[in-house]
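Quick notes on the structure that follows.
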Number of protein chains: 2
Amino acid sequence: MLDKEEVKNSIIAVARQIFSRFGFKKTTMDEIAIASRKGKSSIYYYFESKEDIFQAVVEKEASMLKRELQEAIKPVVDPKEKLKVYVLVRMKTLKNLANYYDAIRSEYLSHLDFVENIRKKYDEEEILMVEAILKEGAEKMEFNIENTRLAAIAIVTALKGLEIPMFWQNNEDSDMEKRLDDLINILFYGLVRR
Amino acid sequence: MLDKEEVKNSIIAVARQIFSRFGFKKTTMDEIAIASRKGKSSIYYYFESKEDIFQAVVEKEASMLKRELQEAIKPVVDPKEKLKVYVLVRMKTLKNLANYYDAIRSEYLSHLDFVENIRKKYDEEEILMVEAILKEGAEKMEFNIENTRLAAIAIVTALKGLEIPMFWQNNEDSDMEKRLDDLINILFYGLVRR
DNA sequence: CGACCAATCGACCAAAATATTCGAATTTTT
DNA sequence: AAAAATTCGAATATTTTGGTCGATTGGTCG
C-alpha cells in the first residue's frame with residue numbers, strides 16, 4: 001500500500017496543522033492520532049515521541065521556506081532586485097505562517113534543545129543565501145560591500161528582528177508591499193552604489 | 001482604586017480572548033490568571049469556577065451581539081430593508097466571532113447545562129427581535145404573513161443553520177455582501193407583497 | 001496607632017488529562 | 001502459512017490543572 005515514508009509525511013502534515021493552531025503544549029497526541037485516522041499507538045510506531053513529531057514538522061517548515069525563497073530569487077537577475085524579492089517573499093511567507101510562529105513563539109520551547117539547533121542551522125543557511133546575493137551584487141559592481149558575510153549577518157538579524165507580529169498584523173497585502181519597499185530602502189540604501 | 005465590578009469585567013475581557021482562541025477545554029485558569037496579572041487564587045476570589053468565567057464571557061458575548069443588532073436596525077425604516085440589515089449584521093458579526101464559535105462549537109459543551117440555557121434564552125430573544133420586524137412589516141402591508149411568530153422561528157432557524165463556517169470561510173467581504181443579498185432573496189422572496 | 005475588611009497570593013492537593021508502553025490482533029509480504 | 005509490518009485497545013506513568021487554605025498585604029476608619 002503506502003510507503004512508510006508517505007504515512008509519516010501524512011502524519012506530519014496533519015500534525016503541522018494542529019501544532020500551528022494550538023502550539024506544542026496544547027496539542028495532544030490524541031488529537032494528532034484522531035486527525036490522522038489512526039490509533040494513538042500507531043503514531044508511536046512512526047515517531048518516538050511528541051517532540052519527535054514536532055521536530056519533523058519544524059524541519060519540514062524550515063526546508064519549505066528555504067526552497068520557496070530559492071525558487072523566488074532564482075529567475076531574478078539584478079542583485080538589488082533579487083535582494084528585494086528575497087525580503088518580500090520571506091516576509092510574505094512569514095505572514096502566512098504567522099499563526100504557526102505565534103502559537104510557538106511564546107512557549108517554553110527553550111527547553112527543547114532541538115528547536116534551538118534547527119534555528120541555528122537554518123539561520124546559518126539563510127545567512128549563506130543572503131551572502132550569495134550580496135556577493136553577486138558586489139561582483140557585478142552593484143553593491144558596495146567588502147565584508148559580505150558581516151553584511152549578510154546584519155541583514156538576516158534585522159529581518160529576524162522584524163518578525164514581531166505587531167508589525168504585520170491588521171494590514172492589507174497591498175499596504176504591506178509598500179511598507180516593505182520603504183523598509184528595504186531604509187535597510188539597504190547605503191549598500192547601493194550610486 | 002478599581003471597583004470590584006471593573007476588575008471582574010477586566011478578567012472577563014482577558015478570558016474572552018483566551019477562550020476565543022483555545023476554546024473552553026484548552027484554556028487554563030493559570031493562563032487567565034497570568035494574562036490578568038493576578039494570582040490564580042485571586043481569580044477565584046472573583047469567580048467560583050472556570051465554568052463561571054466562561055458563562056460570564058458567553059453571556060457578555062450574547063448581549064453584545066444583541067445590542068449590536070438592535071443599534072443596527074433601529075435607524076432603518078423600511079421593514080424589508082430592516083430585515084436585510086438584520087441578517088447582514090448578524091452574519092458579519094458572526095464572521096468576526098467565527099474563531100470564537102469555532103473553538104467552542106466542537107467541544108463537549110453539551111455537558112455544560114448553562115450553555116444550553118443561554119442559547120435557548122438568546123434564541124428566544126432573537127426570535128422576538130425578528131418577529132417585531134415582521135410584525136411591523138405586516139402592519140405596513142409590506143410583508144404578507146399571518147403567523148409572524150412561526151415565520152420568525154423559521155428565519156432564525158435558517159440563520160442558525162447557516163452558521164456553518166464553510167459557508168463563510170475563504171471569502172472576501174465584498175463577495176460576502178453579494179452572497180447575503182442572494183441569500184435574503186432566496187429566504188424571504190415569498191414573504192414580500194408584490 | 002490598631003482593629004477590621006477587602007484583596008492578593010504561594011504552596012498544596014486530589015482529580016483529570018496526557019504521553020508513552022505493551023502485548024495482542026490484524027493485515028501485508030514473502 | 002510463516003514472517004514481518006502495521007494497527008490498536010487497554011494499562012501505566014507522568015504531568016497538568018482546577019480548586020482550596022492559610023497567611024500576607026494594604027487600605028480604611030475610629
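Not measured: the values here are computed from a predicted model. Letters go in sequence order (proteins before strands), and every chain restarts at 1.
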Original post:
Do A:Lys140 and A:Glu136 sit within salt-bridge range, that is, some charged N less than 4.0 Å from a carboxylate O?
Top reply: yes
Subject >> Counter-base of D:dG30, judged by Watson-Crick or G-U geometry with both distances under 3.5 Å >> reply: C:dC1
Rounded to the nearest Å, what distance is computed from the [atom1] atom of residue [X] to the [atom2] atom of nucleotide [N]?
| X | N | atom1 | atom2 | answer |
| --- | --- | --- | --- | --- |
| B:Lys40 | D:dT16 | NZ | P | 13 Å |
| B:Met29 | D:dG18 | CE | C1' | 7 Å |
| A:Lys8 | D:dA5 | NZ | C1' | 15 Å |
| B:Arg37 | C:dA7 | CZ | P | 20 Å |
| B:Ile34 | D:dT17 | CD1 | P | 10 Å |
| A:Tyr46 | C:dT21 | OH | P | 17 Å |
| A:Asp52 | C:dT21 | CG | P | 11 Å |
| B:Glu31 | D:dG19 | CD | P | 15 Å |

Original post:
Under 6.0 Å from the NZ atom of B:Lys60, do we count more than 12 heavy atoms belonging to anything else shown?
Top reply: yes
Subject >> CD/A:Glu124: more than 12 non-hydrogen atoms of other groups inside 6.0 Å >> reply: yes
Using a cut-off of 4.0 Å on non-hydrogen atoms, how would the nucleic acid contact of [X] be classed: base, sugar-phosphate, or nothing?
| X | answer |
| --- | --- |
| A:Thr27 | sugar-phosphate |
| A:Ser42 | base |
| A:Lys38 | sugar-phosphate |

Original post:
Can a donor-acceptor pair under 3.5 Å be found between the side-chain atoms of A:Lys4 and the base atoms of D:dT6?
Top reply: no
Original post:
Is there a donor on the side chain of B:Lys50 or the base of D:dG19 sitting less than 3.5 Å from an acceptor on the other?
Top reply: no
Original post:
Taking only N and O in the side chain of A:Tyr45, is any of them less than 4.0 Å away from OP1 or OP2 of D:dT7?
Top reply: no
Original post:
Which of these nucleotides, C:dT18, D:dG19, D:dT17, is closest to any side-chain atom of A:Thr28?
Top reply: C:dT18
Original post:
Counting side-chain heavy atoms from CB outward, which of C:dT21, D:dG19, D:dT17 is closest to A:Lys25?
Top reply: D:dT17
**OP:** Hey, which sits more toward the 5' end of DNA chain C by its nearest nucleotide, A:Lys26 or A:Glu48?
**Re:** A:Lys26
Original post:
Quick one: is the NZ or CZ of B:Lys80 closer than 6.0 Å to the six-membered ring centre of B:Phe143, and within 45° of its axis?
Top reply: no
Subject >> Straight-line distance of B:Ile32 CD1 to B:Phe19 CZ, nearest 0.5 Å >> reply: 4.0 Å
